Amino acid sequence: MKFSKAYEPGQYEPDVYALWEASGAFSPKNNKTENNQPAPFTIVMPPPNANGNLHIGHGLTVALEDILTRYYRLKGRPTWYIPGADHAGFETWVVYERKLEREGKSRFDFTRDELYAQVWDFVHEQRGNMELQLRALGASCDWDNLTFTLDPKVTETVYKTFKRLWDDRLIYRGEKLVNYCTKHQTAFADIEVVHKEEKGTLWQIAYPLTNPTKNCQEIIVSTTRPETLLGDVAVAVSPDDVRYKNIIGEKVKLPLTDREIPIIADEHADPEYGTGAVKITPAHDPNDYEVALRHQLEMITIIDQSGKLTENAGDAYAGLTVSDARQKILLDLKHAALLRGEKKITHSVGHCYKCDTIIEPLLKEQWFVNVKPLANRAIAALKNNEIKFYPASKKRALINYLEQLHDWNISRQIPWGIPIPAFQNQDDSSDWIFDTRVNEVKITKNGKTYIRDNDTFDTWFSSGQWPFIVTHQQKGYYPTSVMETGADLLFQWVGRMIMLGLYVTDEVPFREVYMHGMVLDEQGQKMSKSKGNVINPIEIAGKYGSDALRMGLIASRSAGVNQAFSTSKVIASRNLYNKLWNISRFIQQLVDENPEKDSLELTLTNLSEDWICTEINRANKELQKLLDKYRFAEASELLYDLIWNKYADWFLESEKLWKNVPLLKSTLEQILTLLHPFAPFVTETIWQNLSWTDGILITNAWPNLYKVNSSKAKQFSELITIISNIRSHYQSLPGAGNYPIAFHDDPLMYQNQLLIQHLTKSPCVPKLEKSEITGLHLAIPNHNIYLQIPTEILTKHRENLEQRILKLGAEINTLEARLRNPNYLQKAPTALVAETKASLSEKETLLENMKQELKLI
RNA sequence: GGAUCCUUAGCUCAGUUGGCUAGAGCGCACGAUUCACAUUCGUGAGGUCACAGGUUCAAGCCCUGUAGGAUCCACCA
């Protein structure tokens, strides 16, 4: 294959991916095995929605996870990156129900099994898109082990866990107040409810006492939801509230009804708030529910699952929607002269995170997990540092969350999900049994007939078991090495995986957690379909290359922080890869043109060669340190600098003279390997294009360090300083032209004249005697270098020089001040003090040189 | 009500146990020209590190407070 002039990603990426996939490199078993088999690296992909398309957040996820996977694969560890596809229970259900609506149908036209089959087909029509997109992003995951969240092995494990929880009495069936969306007709876990600050009204309503006294005829309660008074069962006051002390135990007449309800004492009532008296509606308010439990009060449901008032509300109100009922009740209260005032307030109201409908707390029988024991174990593991978090602050946040977690409602009233394997005795509603025959509506057992619970599991109940499901708890691969996911999933997913992982496997499901922030749009706004600012990762990858997208996404991004997407970073990355492409093209050309050098042994003969090998070594070591700490952005910067500013600008420019073919080949191989995790496609494409490379880069070995002569490397650094200094003078001096470079008594300059001439494009003029030289003396310590510049031009240079002398003087002052400070000398590390002294003397020499330079002018 | 994060160059952001003259990309200015690369090469300008105190020999980094921005949690009638 011939190198084209520019890198055209789209032309190579699909083929390269196919090459990897066919090679078996994605499977952990196919990695090199040595005598001392290193520990496996396992990472589980957060399963993307099976019937959706990937968004930019997936782009970031895949970038981070695949960098780790490829890095550890190169390091020789058996790596296992496990992909998944999510049935995305509620998400998909919402989409499907919308489709039904458009077709003029509703969920109530079908049985659960029919609906399940329909959604299954619907999902499988779309399925495959996201898997192709993962390939386009370069995810080197083990496709043979792709798991769909409704696969039999998933449900089997989930049922086993459910049974175990059941047997351990950690699952219970309970009638509790649940968060209910009346539009979607399903319950939610607390965490799925979105609370928003809203303006509302606090009404004051008078409840007349049945036995009024002179001092007290009525009690006034405050509420934001007057319609619920129809379900009131008591009025609570604080036990310490002197205003009401005498009437505790009395009764009031519930307005608009003929019921009488007691006045009770409960500390839920805050004497400071409103009138200090609060109406108790256990069936429709979480606090009131708690109060009712404490006082064994009746719970009257007056709102049904569709958000309308029930018969319990009385003939006048039954059938009305909540908001209609509120209007009517307010009107009726006014007529009854019981409305005592209103106040505008802001309060927090729960909404459905999907349709924004106000969440109605309803009394429903559901399955609950008693989370306390699970959470306590998770908390203990976290406190015991069994899991390391990046960023570290997330650990504490998770502990706080777990410490105040309420029992977890895992029942969902939607057909698309894993059916709950529980059946109820048709003759005894308290008799529930566990059975996995969920395909049958009715089963018999021990001569009794049982009816299936039609609910499905909360998706997080099964997702919470994901790591041990997909790894099958294989030794060495479970616990997984790291869990990488979005910071928004800390509680609902990461927390649950830890709880269920510990419960089922007795081990934490992962050793480390890396959480990325959100990818915002270029203006720093959250992306959303409605705003129309969504960036499609596949589009960007198509335009600039998958590698450029990857590097662009991780650049300047740190753990847990939300950050704007930046096209300029993607372009910068694309440019780097084009640069690398041309570096490779150039080296291939040198290899082709110098066949006689090809078989030579690898030796370092020039200063630049020791220097670049030192730099590559440094990058190699530094890269490992950074990736150990998940510092992706810094790692990418390091590689950018190595390849462009060091390898291309200095080493390759020098090699135009030396053409050390074996070294060019070796260094290029090393650089391609180091970069491969960050830019898999371009590095592999180059690898395949080079004439001398074998096999595939993806399973290459991580490079060993070069043996280098560090003093030679240091000398080349000095040359860089000298050459940069000379170039800078050429630019700043008035009048174009590169002036001859004269020097005396300067071995480094003598020995590297050719290189200096090449890199400065000006002639070197070695002199034997200092007296022979005229011109501008460069202010470089330990060197005697002069630019032979005509005197009239020199004078114009004076001003510039004076400024630099002043600046240097100031720097010397600060150093001197530091060294005069006895405390510094005493308390700072000796190495640091020595360094400061060395630096000072260097600067002083430099200053001397510059002063001389000034004198000459 | 509680908690967390952010504020560093014109823009987007790095800056890990405090330690030389605070970095990168983009943008900007100036110069180069077809010899691997214009998706190029060279040179440069640009920063009271939000503000005010404190700890320290030494603070962008640690502590306290203030201001502005963002997010999360929570049952406030």
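Since the structure is predicted, the reported quantities are computational estimates derived from the model, not experimental observations. Values below: all heavy atoms of this structure, side chains included; hydrogens, waters and symmetry mates excluded.
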Looking at the side chain of [X], which of [options] is the nearest nucleotide?
X	options	answer
A:Asp649	B:rG42, B:rC76, B:rG44	B:rG42
A:Asn575	B:rU40, B:rG19, B:rA36	B:rU40
A:Trp644	B:rU40, B:rC76, B:rU39	B:rU40

Self-check item: 5' priority, RNA chain B, between A:Tyr577 and A:Ala633 [closest heavy atom]
Solution: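 Comparing both residues, the 5'-ward one is A:Ala633.
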Self-check item: RNA chain B: 5'-proximal contact among A:Arg557 and A:Leu576 (nearest heavy atom)
Solution: A:Arg557
Base, sugar-phosphate alone, or nothing: which one does [X] contact when heavy atoms must sit under 4.0 Å apart?
X	value
A:Glu634	base
A:Ser558	sugar-phosphate
A:Ala487	nothing
A:Thr223	sugar-phosphate
A:Trp203	nothing
A:Lys279	nothing
A:Gln404	sugar-phosphate
A:Asp288	nothing
A:Ala564	sugar-phosphate
A:Ser566	nothing
A:Phe491	sugar-phosphate
A:His347	sugar-phosphate
A:Arg225	nothing
A:Pro829	base

Can you see if the side chain of [X] gets near the phosphate of [N] - specifically, an N or O under 4.0 Å from OP1 or OP2?
X	N	result
A:Lys579	B:rC41	yes
A:Asn821	B:rA58	no
A:Arg818	B:rU21	yes

Spacing of the [atom1] atoms in [M] and [N] (rounded, Å):
N	M	atom1	value
B:rG44	B:rA58	C1'	32 Å
B:rC75	B:rA59	P	45 Å
B:rG53	B:rA67	C1'	15 Å
B:rG23	B:rG15	C1'	7 Å
B:rU43	B:rU17	P	32 Å
B:rG60	B:rC51	C1'	14 Å

Roughly how many Å is it from [atom1] in [X] to [atom2] in [N], rounded to a whole number?
X	N	atom1	atom2	value
A:Lys659	B:rC35	NZ	C1'	11 Å
A:Asp270	B:rC75	CG	P	17 Å
A:Leu553	B:rG25	CG	C1'	15 Å
A:Arg631	B:rC13	CZ	P	17 Å
A:Lys394	B:rC73	NZ	P	11 Å
A:Leu638	B:rG25	CG	P	13 Å
A:Asn400	B:rA74	CG	P	12 Å
A:Leu580	B:rA36	CG	C1'	12 Å

What are the two closest heavy atoms between [X] and [Y], and how far apart are they?
X	Y	value
A:Leu642	A:Ile671	CD2-CG1, 4.2 Å
A:Ile535	A:Asp521	CD1-CA, 4.4 Å
A:Met515	A:Ala487	CE-CA, 3.8 Å
A:Ser584	A:Leu668	OG-CD1, 3.8 Å
A:Phe678	A:Tyr577	O-OH, 3.7 Å
A:Ile554	A:Ala633	O-CB, 3.3 Å

Quiz prompt | Salt-bridge criterion met for A:Arg225 and A:Glu360 (N-O under 4.0 Å) | solution = yes
Indicate, yes or no, whether a donor-acceptor pair under 3.5 Å links the base of [N] to the side chain of [X].
X	N	answer
A:Arg727	B:rU43	no
A:Glu653	B:rA36	yes
A:Gln731	B:rG42	yes

Quiz item: Under a 3.5 Å cut-off on both pairing distances, which runs of 3 or more consecutive Watson-Crick or G-U pairs involve RNA chain B?
Solution: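 Detected stem regions: B:1-7 with B:67-73, B:10-13 with B:23-26, B:28-32 with B:40-44, B:50-54 with B:62-66.
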Quiz item: Distance under 6.0 Å and angle within 45° of the ring axis: does A:Arg326 meet both against A:Trp203?
Solution: no
Quiz item: Are A:Trp408 and A:Phe368 close enough that their ring centres sit under 6.0 Å apart?
Solution: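 No, ring centres 6.0 Å or more apart.
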Exercise. Classify the angle between the aromatic ring planes of A:Trp493 and A:Trp460 as parallel (below 30°), tilted (30 to 60°) or perpendicular (above 60°).
Key: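 Taking A:Trp460 first and then A:Trp493, their aromatic rings sit tilted (interplane angle of 30° to 60°).
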Exercise. Would you please classify the geometry between the A:Phe632 ring and the A:Tyr514 ring as parallel, tilted or perpendicular, with 30° and 60° separating the classes?
Key: perpendicular
